[in-house]
Amino acid sequence: MRLDKLIKRQHKLAQRVRIKKIHGTIQYIAGVDVAQKAELLFGCIGVFEFPSLYVVDEAFAQASSTFPYIPGFLSFREIPVIVKTYKKLRKKPDLILVDGQGIAHPRRLGLASHVGVMLGVATIGCAKSHLYGDYTVPRLGRGRYTYIRDGKKRIGIVLRTRKNVRPLFVSPGNLVDMSDCRNFVLASTTKYRIPEPLRYAHTMAREKARELGSVDRWSFYGTAARIV
DNA sequence: GCGACAG
DNA sequence: ATCTTGTCGC
């Protein structure tokens, strides 16, 4: 597969990424995640009131997976269904937590940044593991963190959201800065390692993948109904 | 050539 | 990510 074309597109889109501190109030914060079942992708978004973290809206959409998973090019696989899901939301969030990297990416365009540019919304990349950049392990305790670096450039943080639990790899997606990343990820994380909006989206996506993703039980029931 | 490698 | 039950540990 030829990726040089996609690499150029990433560099171009990366120029549209804006790293700046959030201004104004964040009333709604969302989490988006994608689950897979065979050749289908299920995107889900949960919108939470902030800082109460009450669920105020949610949406899901499905699409066939076309692009394969290739480290560094995850966004080309998930962007389609994510955009489709976002359009179905009635309450648009002021900030979205995305399951993946932000600018902590070889070309500064991880999934969160790509989503942020495409939707023109503030996003934060919240990955469960490392992809790019150098870092040292942060000391124990919720809130402790170290920077993810690319040479002398700080491109993200390795943040502990809970004590004695593996840290998260957080980085600016779009329209947020490094401090916003730490503040909002911690503010939306309660008793688990993963921020609530992301946990919600993840759970919802998996449920959709299970019920609608497997074989066509629909044709089965349809046949049964006709037989009976 | 070898190791790394989001979901 | 997905395939998958019970189980060791804070």
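Reminder, nothing fancy here: chain letters follow the sequence lines and each chain counts from 1. This structure is a prediction, so every number in the text was calculated from the model and none was measured.
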For [X] and [N], is the shortest distance between a side-chain N/O and OP1 or OP2 below 4.0 Å?
X       : N      : result
K37(A)  : dA1(C) : no
K128(A) : dA6(B) : no
S129(A) : dC5(B) : no
H202(A) : dG7(B) : no

Minimum-distance nucleotide to A127(A) side chain [options: dT2(C), dG7(B), dC5(B)]: dG7(B)
Closest approach of R90(A) to D57(A) (non-hydrogen atoms, all atoms of both residues): N-OD2, 2.8 Å
Sugar-phosphate, base or nothing in reach of [X], heavy atoms under 4.0 Å:
X       : result
F76(A)  : nothing
A112(A) : nothing
G125(A) : nothing
H130(A) : sugar-phosphate

First encountered from the 5' end of DNA chain C, between N164(A) and E78(A): E78(A)
NZ/NE/NH1/NH2 to OD/OE distance under 4.0 Å, K128(A) and D99(A): yes
Let me know the distance between [atom1] of [X] and [atom2] of [N], rounded to the nearest Å.
X       : N       : atom1 : atom2 : answer
D99(A)  : dA6(B)  : CG    : P     : 12 Å
L74(A)  : dG7(B)  : CG    : P     : 8 Å
I82(A)  : dG7(B)  : CD1   : C1'   : 10 Å
Y192(A) : dC10(C) : OH    : P     : 19 Å
I194(A) : dA6(B)  : CD1   : P     : 15 Å
D134(A) : dC5(B)  : CG    : P     : 12 Å
I124(A) : dA6(B)  : CD1   : P     : 21 Å
Q10(A)  : dA6(B)  : CD    : P     : 14 Å

N/O donor-acceptor pair under 3.5 Å between R182(A) side chain and G143(A) backbone: yes
Parallel, tilted or perpendicular: rings of H130(A) and Y135(A) (30°, 60°): tilted
Beyond-backbone contact of V34(A) with T85(A), side-chain heavy atoms, under 4.5 angstrom: no
Face-to-face contact Y69(A) to dG7(B) six-ring, under 5.5 Å, under 30°: yes
